[in-house]
4 protein chains.
Amino acid sequence: MEFKSKKGIFQQIADSICEKIIAGELLTGEKLPSVREQAALTGVNQNTIMRTYAELQRDKIVVNKRGIGYFVTEKAAGKILSKRKNDFFKESLPEFIKQVEILHLTKDDLKDLLKVLK
Amino acid sequence: MEFKSKKGIFQQIADSICEKIIAGELLTGEKLPSVREQAALTGVNQNTIMRTYAELQRDKIVVNKRGIGYFVTEKAAGKILSKRKNDFFKESLPEFIKQVEILHLTKDDLKDLLKVLK
Amino acid sequence: MEFKSKKGIFQQIADSICEKIIAGELLTGEKLPSVREQAALTGVNQNTIMRTYAELQRDKIVVNKRGIGYFVTEKAAGKILSKRKNDFFKESLPEFIKQVEILHLTKDDLKDLLKVLK
Amino acid sequence: MEFKSKKGIFQQIADSICEKIIAGELLTGEKLPSVREQAALTGVNQNTIMRTYAELQRDKIVVNKRGIGYFVTEKAAGKILSKRKNDFFKESLPEFIKQVEILHLTKDDLKDLLKVLK
DNA sequence: GTGGTCTAGACCACC
DNA sequence: GTGGTCTAGACCACA
């Protein structure tokens, strides 16, 4: 696994897990790889994975069953989507609009740039 | 001045200066507030302002006349805009598109969200 | 059976057995459910039940008759009560008092809170 | 600093800081010892202190000013007290009552045991 | 100087 | 086997 620099590694792993969940690759109730496995898979220290899992647990995206492992919660996909939506409308969208205005791009420019979307 | 956590303070100050330049509030040849004035204005350590000015100088957006102060260069607005454009197309736009896709927003949703633009 | 996180599962099961004993629901000489029955009842791994029973045996609260099962000893209720009393006076009570003081509760507040007791 | 075994060290340090806050030994706006200082003071690893401070920050008991340090928030004492009250009424008190009942202590016994309180 | 992240490795309790 | 905590030490960006 490769990591781009700006965000912490533990965050990037958390994000990638979240994306698997909303993509349906990780289902409700499914078990995540154990800390050690995940560490091996990603080529990262166990402590870093522990932090990833701990944060996911704090956000109720994952729960721990003692001595067994971490499991995707029921509300996981919902939690993730609602957080992402919130971030999008409160941060990304205004920031995007601000940049568009600064660059004096017009609606037509944008229509062109965003034509990749359905 | 308030600082949100993710970017460095020096960056945020640099950004705000750049925005004043492309908005025409700071003109070519105009003198920036002295380091200590700027520090007072922003409520920030002088070292931080020095770093801000140093970075702006590195990017040829301002020049230092020793013993006198920092001045906006001729090419400042051009430099800033070309950097911002580059960032926009290489970073912000792809990231924005990715988020839009994850949230399953349609072109029509976007048209609505971006109707504030001209 | 539900398990809250702080104590070990084996402990929680041991506690619940002990409470049945002092409540008279499990009498001297009575046979505990077999390990696999207990495991099924509580929805827990057999190893965990084995540990529970082993600890109870260590404390002389149950004895194992090989090939037959685990049985409540004569002194079980006495052992349990004396251990609980000891814990209560050395741990719970001082801790309780400390918390009451930190929250600045008065004797009258307490009288009110504890009025459910006979 | 000495640590008793059951809670994590990072928690015990967090607790002790909280107690200083509600005791008025650490005032609103006051700066905590830097991570390194606190580590030296308590004889504990810096990472452990980092975790302590991070948790306190998550609970809004403390805020970080970048490059400067951690500071006690306005609402710190309030947050702490309300959390402690909640814990007391939802956990400690019911647990205490349960133990008292199991041990068949009477109200008079308790009156005696709690006479140290004002 | 400050916080923050990551690694490597050890040790523990629990299932 | 599982998670969880702690240590020691390195390295980084920021004020």
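Each chain gets a letter, A, B and so on, in the order the sequences are listed, and its residues count up from 1. Computation of the quantities below employed the complete heavy-atom set of this structure, encompassing side-chain atoms and omitting hydrogens, waters and symmetry-equivalent molecules.
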Exercise. Quick one: side chain to side chain donor-acceptor pair (under 3.5 Å) partners of A:Asp15, sequence neighbours excluded?
Worked result: A:Lys7
Exercise. For A:Gln38 and F:dT2, what is the distance between atoms CD and C1' respectively, to the nearest whole Å?
Worked result: 15 Å
For this session: Starting at atom CG of A:Leu56, determine the distance to atom P of F:dG4, rounded to an integer number of angstrom.
Result: 12 Å
Exercise. In whole Å, what is the span from the CD atom of D:Glu55 to the P atom of E:dG4?
Worked result: 13 Å
Exercise. In chain order, what residues pass the side chain to side chain donor-acceptor pair (under 3.5 Å) check against D:Ser92, with sequence neighbours excluded?
Worked result: C:Gln99
Problem set entry | Spacing of A:Gln12 atom CD relative to E:dT5 atom C1', expressed in whole Å | 12 Å
Problem set entry | Identified side chain to side chain contact (heavy atoms under 4.5 Å, CB included) counterpart of D:Phe89 within the set D:Asn86, D:Asp87, D:Leu93 | D:Leu93
Seminar exercise, completed: Whole-Å distance, D:Phe3 CZ to F:dG4 C1', equals 17 Å
Problem set entry | Any residue meeting side chain to side chain donor-acceptor pair (under 3.5 Å) with D:Asp59, in chain and number order, not counting sequence neighbours | none
Exercise. Considering only side-chain heavy atoms of A:Met50, which listed nucleotide, F:dG4, E:dG4, E:dT2, is closest?
Worked result: F:dG4
Seminar exercise, completed: In whole angstroms, the gap separating P of E:dC14 from CG of A:Asn64 amounts to 14 Å
Exercise. Can you give the dot-bracket line for DNA chain E, where a pair is Watson-Crick or G-U wobble with both atom distances under 3.5 Å, crossing pairs use [ ], and | marks a partner on another strand?
Worked result: ||||||||||||||.
Problem set entry | Value in whole Å for how far the C1' atom of E:dG3 lies from CD of D:Glu37 | 13 Å
Exercise. Any side-chain heavy atom of A:Ile102 within less than 4.5 Å of one from B:Phe88?
Worked result: no
Problem set entry | Set of side chain to side chain donor-acceptor pair (under 3.5 Å) partners for B:Arg84, sequence neighbours left out | B:Glu19
Exercise. Short question: side chain of D:Thr48, backbone of D:Phe10 - any donor-acceptor pair under 3.5 Å?
Worked result: no
Problem set entry | Test applied, side chain to side chain contact (heavy atoms under 4.5 Å, CB included); reference residue, B:Ile61; option that passes from B:Ile21, B:Ile17, B:Val72 | B:Ile21
Exercise. Are any of the side-chain nitrogens in D:Arg58 or D:Glu55 under 4.0 Å away from the carboxylate oxygens of its partner?
Worked result: yes
For this session: Heavy atoms under 4.0 Å is the rule here; annotate nucleotides 10-15 of chain F 5' to 3' with B where the base is hit, S where only the sugar-phosphate is, and - elsewhere.
Result: ----SS
